[in-house]
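Each remark here refers to the structure printed beneath this line.
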Amino acid sequence: MTSFVLVHGAWGGSYGWRKVRPLLEAAGHDVFTPSLTGLGERSHLATPAVNLSTHIEDVANVIRFEELRDIVLVGYSYGGMVVTGLVDRCAGVISHLVYLDAFLPQDGQSLYATGQASPTPAVENGWLIPPIPRRFDDPVEQAWNDARRVSHPRDCFTEAVSLAKPVEEHEFSLTYIKAMLPAAPSTGPQGFWVFAGRVKNNPRWRYREVDCDHMVPQKKPRELAELLLEVLE
Amino acid sequence: MAIYVLVHGAWHGGWCWRKLTPLLRDAGHEVFTPTLTGLGERAHLATPETSLATHTQDIANVLFYEDLRDVILAGHSYGGMVISGVADQMPERIGHLAYIDAFVPADGQSMLELRSAPGASALPPPDGWRQPVLPGYFGVTDIEDVAWLERNLVPQPLRTLSDKARISQPLEARPFARSYIYAAGTDSTPPAPHFTATYSRLGRDPAWEVHKLPTGHDMMVTMPGELAQILLAMTSEALG
């Protein structure tokens with residue numbers, strides 16, 4: 001049995017993984033989908049002090065208090081910032097690191113510094129970034145998601161991540177899963193293609209593609225679960 | 001398939017359900033074990049302002065964001081304070097409310113008032129806002145389990161214990177089912193007088209179903225199999 005730790009993206013929450021969790025559990029695994037502070041079910045805890053370090057601590061503490069070992073750590077979208085920030089602290093318990101259509105920052109880069117986010121974000125109350133809307137075909141699903149998508153504390157996007165050495169120099173396996181269809185509206189200048197391009201031909205990485213727009217966990221849960229289980233093979 | 005939301009007690013975290021959750025999941029059910037703000041994996045978020053209302057919102061938000069219905073909502077110990085408030089705010093999402101050796105407050109009662117151990121809470125916490133972990137390990141005696149608790153118990157924001165429960169209607173006036181599961185204790189781990197009194201009172205009330213297990217307070221640690229059987233029986237009722 002493996003423990004999957006799935007880290008959601010900007011403006012999201014644990015709820016975004018609801019269709020993936022049962023599929024991994026049915027395969028006999030433990031699944032943890034913490035909501036990051038200030039988002040989803042933790043939206044009542046949003047303050048201007050919430051930053052990338054808070055979110056790294058959120059997930060590091062799940063690993064510590066649940067006493068997890070041998071984990072598959074998955075970062076989706078902004079979650080790529082969080083899982084990268086966890087590497088220095090938790091490398092010893094990570095067996096597989098997976099980026100799902102995610103930011104893949106280098107040492108010293110913030111999300112904005114990667115150059116792949118919307119360059120001129122709106123700001124609410126001086127510290128909250130309103131969500132980029134996401135499209136669902138079914139109006140009921142659209143309304144359900146819109147009711148749960150909340151603004152994101154700005155300093156999560158401005159704080160730099162630190163990495164003592166590149167992720168490729170660690171022992172865990174590395175996977176990048178790229179969503180093939182364009183996000184609407186666009187995530188940024190080239191979306192996540194820059195990161196995909198960086199790893200695609202690197203033998204240290206397993207590179208996979210999924211026929212979906214950016215909202216993979218909600219729109220292609222079965223295909224995603226299969227790709228996540230594949231890393232264990 | 002039923003949905004369980006398990007709310008831990010004071011000083012504990014979602015981690016404390018680790019022996020129980022596989023037993024419910026293996027029976028095909030969905031299980032959520034959220035950690036309350038300032039405790040367990042959320043210890044880094046503790047502030048002097050962390051309140052019973054914060055904890056009630058923690059759980060109410062899980063029910064809303066995950067869009068859970070017909071929930072078997074269970075609270076252990078202090079968790080009873082929390083689930084009482086959640087059930088008052090969102091009765092339409094609750095199928096069964098289960099108290100596991102837990103506090104069952106009436107409107108306006110705090111946990112410190114309910115706990116009939118004068119002196120235990122009379123000392124102000126050393127830092128002024130966090131109650132240190134109570135000695136005694138909650139009825140756990142197995143040496144590995146004691147070590148597990150020692151690693152993971154953290155101080156509890158005091159305000160959560162002194163805040164009064166807000167309950168607009170008696171629980172008995174609600175349509176959901178109600179159960180109390182009492183830890184009757186063992187020779188080496190006697191029951192807590194407050195929970196004994198609650199069990200006796202609710203046992204005489206036809207609006208409640210009561211159970212007891214011959215073990216200490218942290219029965220999810222000491223008797224997870226037996227506790228799972230009781231919780232699983234609520235499922236078949238919920239499904240009619």
Side-chain angles (χ1 to χ4, degrees), chain A residues 1 3 5 8 11-19 21-47 49-51 53-68 140-141 143-150 218, chain B residues 1 3 5 8 11-19 21-22 24-47 49-51 53-68 86 89 144-145 147-154:
Chain A
M1 190 192 70
S3 295
V5 179
H8 64 76
W11 310 293
S14 171
Y15 67 87
W17 300 107
R18 72 195 180 287
K19 296 178 180 174
R21 275 189 306 241
L23 303 175
L24 298 177
E25 286 177 354
H29 305 293
D30 255 349
V31 187
F32 297 85
T33 59
S35 280
L36 301 172
T37 299
L39 298 162
E41 77 210 38
R42 299 281 164 178
S43 54
H44 59 302
L45 304 177
T47 72
V50 171
N51 57 19
S53 294
T54 313
H55 289 170
I56 293 167
E57 187 85 14
D58 286 343
V59 183
N61 268 348
V62 172
I63 294 168
R64 170 199 172 313
F65 281 88
E66 296 286 350
E67 304 188 344
L68 305 182
V140 174
E141 202 170 9
W144 193 94
N145 270 276
D146 290 349
R148 286 164 177 77
R149 211 165 155 77
V150 300
Q218 297 205 57
Chain B
M1 190 195 71
I3 294 164
V5 177
H8 62 80
W11 305 287
H12 290 61
W15 54 266
C16 75
W17 303 103
R18 190 144 189 79
K19 295 184 179 193
T21 47
L24 302 177
R25 287 192 180 128
D26 288 352
H29 307 299
E30 209 172 347
V31 187
F32 294 85
T33 58
T35 293
L36 300 171
T37 298
L39 297 159
E41 78 214 35
R42 299 279 162 179
H44 58 297
L45 303 176
T47 73
E49 286 74 44
T50 304
S51 65
T54 311
H55 287 172
T56 305
Q57 179 98 55
D58 286 342
I59 305 305
N61 272 358
V62 172
L63 269 50
F64 170 74
Y65 277 87
E66 300 283 350
D67 202 5
L68 308 179
V86 173
Q89 289 179 17
E144 282 184 20
D145 288 340
W148 179 35
L149 263 61
E150 278 184 333
R151 288 195 300 274
N152 292 315
L153 295 168
V154 300

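Labels below follow one simple rule: chain letters A, B, ... track the order of the sequence lines, proteins then strands, and each chain is numbered from 1.
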What part of [X] gets closer than 4.5 Å to chain B, counting heavy atoms only: side chain, backbone, both or neither?
X	value
A:Glu66	both
A:Thr54	both
A:Val31	neither

From CA spacing to verdict: side-chain hydrogen bond (donor to acceptor under 3.5 Å, both in side chains), B:Asn152, A:Glu67:
CA-CA 10 Å; B:Asn152 292 315; A:Glu67 304 188 344; 3.0 Å; yes
Check for me whether the distance between the ring centres of B:His8 and B:Trp11 falls short of 6.0 Å.
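When the ring centroids of B:His8 and B:Trp11 are compared, they turn out to be at least 6.0 Å apart.
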Could you check whether A:Trp144 and A:Tyr15 have their ring centres less than 6.0 Å apart?
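Centroid separation for A:Tyr15 and A:Trp144: below 6.0 Å.
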Pick one of side chain, backbone, both or neither for B:Asp67, based on which atoms fall under 4.5 Å of a heavy atom in chain A.
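Both backbone and side chain.
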Tell me, side chain or backbone of B:Thr21 under 4.5 Å from chain A's heavy atoms, or both, or neither?
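B:Thr21 has no heavy atom closer than 4.5 Å to chain A.
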Salt-bridge contact A:Arg64-B:Glu41 (side-chain N to carboxylate O under 4.0 Å):
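No, no charged N to carboxylate O under 4.0 Å.
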Kindly indicate whether a cation-pi arrangement holds for A:Arg148 with B:Phe64, taking the cut-offs as under 6.0 Å to the six-membered ring centre and within 45° of the axis.
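Yes, A:Arg148 and B:Phe64 form such a contact.
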Only pairs of heavy atoms separated by less than 4.5 Å count here; which of B:Leu63, B:Val62, B:Asp58, B:Thr33 has the most with chain A?
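Maximum pair count with chain A is reached by B:Asp58.
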Find the one option among B:Gln57, B:His44, B:Glu30 whose heavy-atom pairs under 4.5 Å with chain A are most numerous.
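Of B:Gln57, B:His44, B:Glu30, B:His44 has the most heavy-atom pairs under 4.5 Å with chain A.
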Can you check whether anything in residues 37-46 of chain A gets within less than 4.5 Å of chain B, heavy-atom wise, and list it by number?
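So far as heavy atoms go, A:Thr37, A:Gly40, A:Glu41, A:Arg42, A:Ser43, A:His44, A:Leu45 are the residues that approach chain B to under 4.5 Å.
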Can you confirm whether [X] sits close enough to [Y] that some side-chain heavy atom of one is under 4.5 Å from a side-chain heavy atom of the other?
X	Y	answer
B:Leu36	B:Arg42	no
A:Phe32	A:Asp30	yes
A:His29	A:Ser3	no
A:Asp58	A:Pro34	no

Chain B: which of A:Ile63, A:Asn61, A:Thr33 shares the most heavy-atom pairs with it under 4.5 Å?
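Heavy-atom pairs under 4.5 Å are most numerous for A:Asn61.
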Applying side-chain hydrogen bond (donor to acceptor under 3.5 Å, both in side chains) to B:Gln89 and B:Thr56, what does each step give before you reach the verdict?
CA-CA 9 Å; B:Gln89 289 179 17; B:Thr56 305; 5.4 Å; no
